[in-house]
Amino acid sequence: MYFLGFNWNPEGTLFKLGFIQIKYYNLLWIAAFVVGWFIMKKIFEKEKKSMEKLDSLFIYTVVSIMLGARLGHVFFYDWDYYKNHLAEILLPIRENANESLFGIINGYEFTGFTGLASHGATIAAIIGIWLYCRKWKDINMLWLLDRLVVPSAIGACFVRLGNFFNSEINGKVVEGSYFLATRFIRDSDDMPAYKAMSLTREQTENAAYKAIEHNPEFASILESIPFRHPAQLYEAICYAFVFVTLYLLYWKTDKKDKTGYLFGLFMVLLFAVRFVVEFFKKSQGGFEESLGLLSTGQWLSIPMIIIGLYFMFRPVPSKA
């Protein structure tokens with residue numbers, strides 16, 4: 001059966017425009033915002049809100065989510081690296097002695113923003129919505145959050161699919177006979193690019209990875225790469241169900257009239273999924289070594305779930 005133990009080796013870059021790389025991951029992020037805009041447009045029309053306010057909301061959310069996702073990754077997961085590479089925090093580059101940026105600046109390569117964290121995106125999005133509501137004082141912050149969580153859930157699904165295409169945030173080692181067991185040939189721990197190029201003697205990482213997958217000469221190398229849980233797919237599938245749940249609750253029930261309920265439910269469902277899936281992921285680093293017991297992602301998810309439960313069950317009037 002195809003879904004029992006399969007190889008995964010997509011080239012993360014869809015195409016290049018000069019030095020700029022257009023990656024599947026970036027396109028899925030863009031798709032998340034585009035789909036989100038259309039969903040919110042439908043909601044704003046239903047709620048008789050102006051398109052001017054929607055356009056302003058789009059700017060606030062895009063800037064806050066992207067900035068928060070980036071800073072969340074930097075400070076929650078990889079500060080040991082970035083404290084010595086401050087310029088890389090907000091620039092889509094990474095130090096690489098063998099590359100040249102724009103053909104001019106040696107020692108760096110263009111990577112795009114590949115380090116993004118959902119917890120940071122959530123915190124920053126809430127701050128961005130608070131700032132937005134200070135500008136548009138006739139819009140209640142919790143009223144807006146109850147509606148924004150609907151597109152946010154499907155956006156989270158798209159982002160995890162992007163991680164899958166990037167062969168990042170992979171799961172723990174599993175038997176090849178396990179359903180959906182995936183051999184991530186480009187896993188940065190199991191087969192980093194420099195090692196693949198050294199073993200195959202290919203000049204580029206893409207050629208090296210393709211040789212490992214398809215050249216019988218390197219069959220033993222391929223077999224040495226373990227199968228892993230496709231944890232990104234687990235999350236993506238679960239987030240799709242979270243989206244369907246919130247979408248139906250908004251359009252088919254009166255739950256949206258209990259201010260804060262849909263926002264709270266989103267926080268509980270999304271981060272409960274994250275908490276559970278973390279058991280299947282390999283370590284992503286961060287502060288888990290000092291705290292022990294749980295992963296960094298699980299520790300960060302607990303307060304999110306508690307906040308969600310508060311907004312779900314706090315006593316409020318039935319109307320905003």
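This one's a predicted model, so the numbers in the text were calculated from it and none came from an experiment.
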Handout entry: L262 CG to L145 CG distance, which is reported to the nearest 0.5 Å
Key = 11.0 Å
Problem - Heavy-atom closest contact (G155 atom, A32 atom, distance) - result: CA-CB, 3.7 Å
Handout entry: CG-CD distance between L300 and E278, expressed to the nearest 0.5 angstrom
Key = 9.0 Å
Practice task
May I ask you to check whether W8 and F165 place their ring centers less than 6.0 Å from one another?
Solution key: yes
Exercise for the section: Show the numbers, then the answer: is there a side chain to side chain contact (heavy atoms under 4.5 Å, CB included) between F243 and L248? Expected result: CA-CA 9 Å; F243 165 72; L248 293 177; over 6 Å; no
Problem - Any side-chain donor near an acceptor of the partner, N170 and R228, under 3.5 Å - result: no
Practice task
Treat each ILVMFWY residue as a node, draw an edge where side-chain heavy atoms are under 4.5 Å apart, and state whether L57 and V63 are in one component.
Solution key: no
Exercise for the section: Check whether any side-chain heavy atom of V173 sits under 4.5 Å from a side-chain heavy atom of P226, and report yes or no. Expected result: yes
Which donor-acceptor pairs under 3.5 Å do side chains of residues 191-201 form with protein atoms, sequence neighbours excluded?
residue	atom	partner	partner atom	Å
T200	OG1	A196	O	2.8
T200	OG1	E202	N	3.4
R201	NH2	E217	OE2	3.4

Practice task
Please tell me if the side chains of Y60 and I129 come closer than 4.5 Å, counting only heavy atoms from C-beta onward.
Solution key: no
Exercise for the section: Check whether any side-chain N or O of T182 sits under 3.5 Å from a backbone N or O of F184 as a donor-acceptor pair, and report yes or no. Expected result: no
Exercise for the section: Find out whether F58 and L54 are in side-chain contact, i.e. whether some heavy atom of one side chain is under 4.5 Å from a heavy atom of the other. Expected result: no
Practice task
To the nearest 0.5 angstrom, please state how far the CZ atom of F38 sits from the CZ atom of F33.
Solution key: 15.0 Å
Handout entry: Same apolar cluster: L144 and I59, side chain cutoff 4.5 Å
Key = no
Exercise for the section: For residues W299 and I302, determine if any side-chain heavy atom of one lies less than 4.5 Å from a side-chain heavy atom of the other. Expected result: yes
Exercise for the section: Would you kindly confirm whether L270 and L309 end up in one hydrophobic cluster when ILVMFWY residues are joined by side chain heavy atoms under 4.5 Å apart? Expected result: yes
Handout entry: Gap between atom CZ of F75 and atom OH of Y82 - 0.5 Å precision
Key = 11.0 Å
Fill in the blank from the handout: All heavy atoms of P151 vs all of G36, minimum pair found to be CB-CA, 3.5 Å
Exercise for the section: Quick one: pull up CD1 in I212 and OG in S224 and give me the separation to the nearest 0.5 Å. Expected result: 8.0 Å
Exercise for the section: Assess K49 against W143: is NZ or CZ under 6.0 Å from the centre of the six-membered ring, and within 45 degrees of the ring's axis? Expected result: yes
Practice task
Report the C-alpha distance between K281 and S295 in whole Å, list the side-chain angles of each, state the deciding distance to 0.1 Å, and finish with yes or no for side chain to side chain contact (heavy atoms under 4.5 Å, CB included).
Solution key: CA-CA 9 Å; K281 290 181 184 177; S295 71; over 6 Å; no
Practice task
For the residue pair E47 and I43, establish whether any side-chain heavy-atom pair is separated by less than 4.5 Å.
Solution key: yes
Practice task
Kindly determine whether F280 and V174 satisfy side chain to side chain contact (heavy atoms under 4.5 Å, CB included), including the steps that lead there.
Solution key: CA-CA 10 Å; F280 298 94; V174 68; over 6 Å; no
Practice task
State, to 0.1 Å, how close F263 and D146 come at their nearest heavy-atom pair, and which atoms those are.
Solution key: N-OD1, 2.9 Å
Handout entry: Joint hydrophobic cluster, I127 plus L142, side-chain heavy atoms closer than 4.5 Å
Key = yes
Exercise for the section: Please check if the side chain of T122 supplies one atom and the backbone of S118 the other of a donor-acceptor pair under 3.5 Å. Expected result: yes
Practice task
Answer yes when R160 and E168 have at least one side-chain N-carboxylate O distance shorter than 4.0 Å, and no when they do not.
Solution key: no
Exercise for the section: Would you please say whether a donor-acceptor pair under 3.5 Å links the side chains of E205 and Y209? Expected result: no
Handout entry: Side-chain donor/acceptor of R147 to backbone N/O of M40, under 3.5 Å
Key = no
Exercise for the section: Check whether any side-chain heavy atom of S301 lies under 4.5 Å from a side-chain heavy atom of H119, and answer yes or no. Expected result: yes
Practice task
Any chance you could lay out the side chain to side chain contact (heavy atoms under 4.5 Å, CB included) test for I30 and F158, step after step, and finish with the verdict?
Solution key: CA-CA 9 Å; I30 294 170; F158 287 163; over 6 Å; no
Handout entry: Any donor-acceptor N or O pair under 3.5 Å, side chains N7, E213
Key = no
Practice task
State plainly whether one hydrophobic cluster holds both F164 and L27, where clusters connect Ile, Leu, Val, Met, Phe, Trp and Tyr through side-chain heavy atoms under 4.5 angstrom apart.
Solution key: yes
Practice task
Using a cut-off of 6.0 Å, state whether more than 12 heavy atoms not belonging to K282 lie near its atom NZ.
Solution key: yes
Handout entry: Test item: K41 and M51 side chains (from C-beta on) under 4.5 Å apart, heavy atoms
Key = yes
Exercise for the section: For K172 and A231, indicate whether the former's side chain and the latter's backbone hold a donor-acceptor pair under 3.5 Å. Expected result: no
Practice task
Indicate yes or no for a side-chain donor-acceptor contact from R70 to the backbone of I89 under 3.5 Å, with no hydrogens or angles considered.
Solution key: yes
Practice task
Would you mind checking if E11 and R186 are paired as a salt bridge, meaning a charged N to carboxylate O distance below 4.0 Å?
Solution key: no
Exercise for the section: Would you mind reporting whether N166 and Y24 have side-chain heavy atoms less than 4.5 Å apart? Expected result: no
Fill in the blank from the handout: Rounded to the nearest 0.5 angstrom, the CG-OG distance for D55 and S50 is 8.5 Å
Exercise for the section: Look at the aromatic rings of Y25 and W29 and report parallel, tilted or perpendicular, splitting at 30° and 60°. Expected result: perpendicular
Fill in the blank from the handout: Nearest heavy-atom contact between W136 and S56 is NE1-OG, 3.2 Å
Completion exercise
Closest heavy-atom pair, I126 versus M141, reported as atoms and distance to 0.1 Å, is O-CE, 3.3 Å
Handout entry: Considering all heavy atoms, the nearest K256-K46 contact
Key = CE-CE, 3.9 Å
Exercise for the section: Flag the pair Y178 / F227 as yes when their ring centroid distance falls below 6.0 Å, and as no otherwise. Expected result: no
Exercise for the section: Identify, with sequence neighbours excluded, every residue that meets side-chain contact (heavy atoms from CB on, under 4.5 Å) alongside M312. Expected result: Y261, L265, V268
Handout entry: K53 with D138: basic N within carboxylate O range, under 4.0 Å
Key = yes
Practice task
Look at the aromatic rings of W251 and Y247 and report parallel, tilted or perpendicular, splitting at 30° and 60°.
Solution key: tilted
